[in-house]
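First the structure, in the form of structure tokens, and then the observations on it.
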Amino acid sequence: MSAEDLKEYLATAVALAKEVGPAFKDGFWRTGQFSKVSDFAAEDKLGNKADCVTAVDRYIEKTIFDRLRQIYPTHKLVGEESTAESGNGCQVTDDPTWIVDPVDGTNNFVHHFPYTGISIGLAINKEPVVGVIYLPILDELYTASRGAGAFLNGEPLPLIRPPALTSPTALSQCALVSEHGSYRSQKTMSLRLRSLARLLTDKQDGGGCLQNLRITGGACPDLTLVAKGSAELYWECGPHVWDFAAGVVIVTESGGAVFDGAGWWGSDIPESERIPKPLNMWNRKIVAVRYIPDLPDKPGSGRELQKKLAKELLDLVDDFEYPPDGTQ
Ligand code: IPD
């Protein structure tokens with residue numbers, strides 16, 4: 001895959017995101033609640049009303065997939081609506097694979113809360129290499145491709161830069177974005193809430209004393225905040241590959257780092273082996289850390305601090321069991 005190929009794939013993803021933008025905006029301003037009288041009513045996916053789909057999700061995914069099939073007939077397609085509705089996980093291959101969430105943050109979409117958008121990622125040889133997130137209501141278009149940087153409406157990311165962007169050395173200097181997800185069993189919710197409580201609790205009581213916790217309602221907006229420099233960390237267990245494939249490229253190309261998000265709380269893994277592992281994007285557990293500038297006279301210290309912060313977080317959170325999105 002050459003730089004020229006990547007450029008072309010990125011241009012395709014941008015053109016597709018822009019093409020479906022008007023339908024997204026139109027749907028956003030219509031009745032999106034669980035109203036029976038609207039064509040745009042949200043349908044319940046999990047039986048608990050925490051996860052929903054609208055006609056807009058299906059329309060956008062179909063439009064994008066129809067175009068991709070025309071342009072790249074041999075490429076594989078993974079989409080929130082078609083893949084989730086077929087109930088089959090994906091067989092992960094080295095083939096170019098477009099990974100699309102037509103409306104990330106559907107709950108925000110149906111509540112007319114603007115942190116919602118379209119996510120288009122492309123993986124080649126199992127690695128995410130192109131990412132486009134378009135948040136139409138905020139008029140924010142995030143674009144990135146492997147080795148060519150990340151941008152917001154053409155401005156290089158991170159948008160916040162040194163000296164305004166400092167080098168945090170502990171969770172107590174960090175803002176975390178996370179989500180409550182749509183699986184609401186007592187077991188899942190108590191693991192999640194206890195993990196968040198530990199992260200927020202004072203250090204003398206064994207916690208991380210995180211400076212700030214935010215929930216925007218969608219993995220895509222969360223990852224754009226990390227790429228921008230407006231949040232130090234994103235951690236979530238349970239989102240799907242279509243929620244973060246594009247965001248992973250945008251974060252890493254902005255100088256950020258991504259890791260496996262399975263926590264170590266209560267595990268007997270010795271301290272020396274607690275090294276944040278590379279992200280497996282089909283495993284539904286992720287930590288992302290924003291770009292951290294090197295400390296004065298310490299080249300490479302920014303990368304080390306990214307690992308340190310991820311470790312500090314993973315030490316305090318539980319592991320969660322979720323069926324993976326794909327098998328290799
Ligand atoms: C949602 C988000 C969020 C996660 C939810 C997902 P969707 O995506 O990305 O991170 O916590 O579980 O449902 O369904 O709105 O595309």
Side-chain angles (χ1 to χ4, degrees), residues 17 20 24 27-28 32-34 40-61 64 78-85 99-121 128 131-137 142 176-185 188-189 191-193 195-196 213-227 231 233-248 250-251 258 261 279 281-288 317 320-325:
V20 294
F24 187 105
F28 182 87
Q33 274 299 339
F34 292 83
F40 288 84
E43 293 166 34
D44 194 5
K45 285 209 276 195
L46 293 176
N48 63 0
K49 293 206 166 29
D51 196 11
C52 58
V53 57
T54 71
V56 182
D57 300 58
R58 294 206 180 93
Y59 170 79
I60 290 180
E61 183 162 313
I64 293 176
V78 172
E80 167 160 28
E81 305 319 330
S82 37
T83 308
E85 279 171 18
I99 303 168
V100 173
D101 188 346
V103 179
D104 180 65
T106 313
N107 267 326
N108 286 346
F109 186 86
V110 300
H111 284 91
H112 316 291
F113 188 67
Y115 286 83
T116 172
I118 302 148
S119 176
I120 305 177
V132 169
I133 292 177
Y134 182 31
L135 307 180
I137 311 303
Y142 294 84
L176 167 75
V177 269
S178 191
E179 297 300 325
H180 40 61
S182 39
Y183 288 56
R184 302 290 172 82
S185 70
T188 306
M189 287 316 291
L191 284 179
R192 198 184 299 287
L193 293 175
S195 295
L196 292 175
L213 169 68
R214 300 183 193 123
I215 295 176
T216 72
C220 281
D222 289 350
L223 286 160
T224 63
L225 290 170
V226 171
L233 293 154
Y234 161 67
W235 167 70
E236 197 180 350
C237 292
H240 293 277
V241 65
W242 43 81
D243 294 317
F244 57 72
V248 160
I250 295 165
V251 166
V258 291
L279 172 74
M281 66 168 187
W282 302 90
N283 257 359
R284 306 179 61 186
K285 301 171 191 186
I286 175 169
V287 188
V317 300
F320 293 67
E321 280 173 38
Y322 284 104
D325 281 330

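Numbers here simply count residues along the sequence, with the first being 1. Both counts, for ligands and for their atoms, begin at 1 and track the order of listing.
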Taking non-hydrogen atoms only, is [X] closer than 4.0 angstrom to ligand 1 via side chain, backbone, both or neither?
X: Thr116; result: neither
X: His180; result: neither
X: Thr106; result: both
X: Glu236; result: side chain

A side-chain contact here means heavy atoms from C-beta on lying under 4.5 Å apart; do [X] and [Y] qualify?
X: Ile137; Y: Tyr115; answer: no
X: Glu61; Y: Glu80; answer: yes
X: Trp242; Y: Pro102; answer: no
X: Val100; Y: Val78; answer: no
X: Val258; Y: Met281; answer: no

Under 3.5 Å between any N/O of [X] and any N/O of ligand 1: does that happen in this structure?
X: Val103; result: yes
X: Asp101; result: yes
X: Asn107; result: no
X: Gly105; result: yes

Problem set entry | Taking every non-hydrogen atom, the tightest pair across Asp104 and Thr116 |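 Residues Asp104 and Thr116, closest heavy atoms: O-OG1, 2.9 Å.
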Seminar exercise, completed: For Arg192 and His180 the tightest heavy-atom approach is NE-O, 3.1 Å
Exercise. With sequence neighbours left out, what residues match Phe24 under ring pair (Phe, Tyr, Trp, His ring centres under 6.0 Å)?
Worked result: Phe109
Exercise. Should Ser119 and Asp243 be marked as a side chain to side chain donor-acceptor pair (under 3.5 Å) after you check the CA-CA gap, both sets of side-chain angles, and the distance that decides it?
Worked result: CA-CA 7 Å; Ser119 176; Asp243 294 317; over 6 Å; no
Exercise. What are the atoms of ligand 1, with element, lying closer than 4.0 Å to any heavy atom of Gly181?
Worked result: 11 (O), 12 (O)
For this session: For Asp104, counting its heavy atoms only, list the atoms of ligand 1 lying under 4.0 Å from any of them.
Result: 1 (C), 2 (C), 7 (P), 8 (O), 9 (O), 15 (O), 16 (O)
Exercise. If hydrogens are left out, which of Ser182, Ala219, Pro102 has an atom nearest to atom 12 (O) of ligand 1, that is, the closest non-hydrogen atom?
Worked result: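 The residue whose heavy atom sits nearest atom 12 (O) of ligand 1 is Ser182.
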Exercise. So is Gly238 close enough to ligand 1, meaning a heavy atom under 4.0 angstrom away?
Worked result: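 Heavy atoms of Gly238 never come under 4.0 Å of ligand 1.
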Problem set entry | Proximity flag Asn108 to ligand 1, non-hydrogen atoms under 4.0 Å |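 Asn108 does not count as a contact of ligand 1 under the 4.0 Å cut-off.
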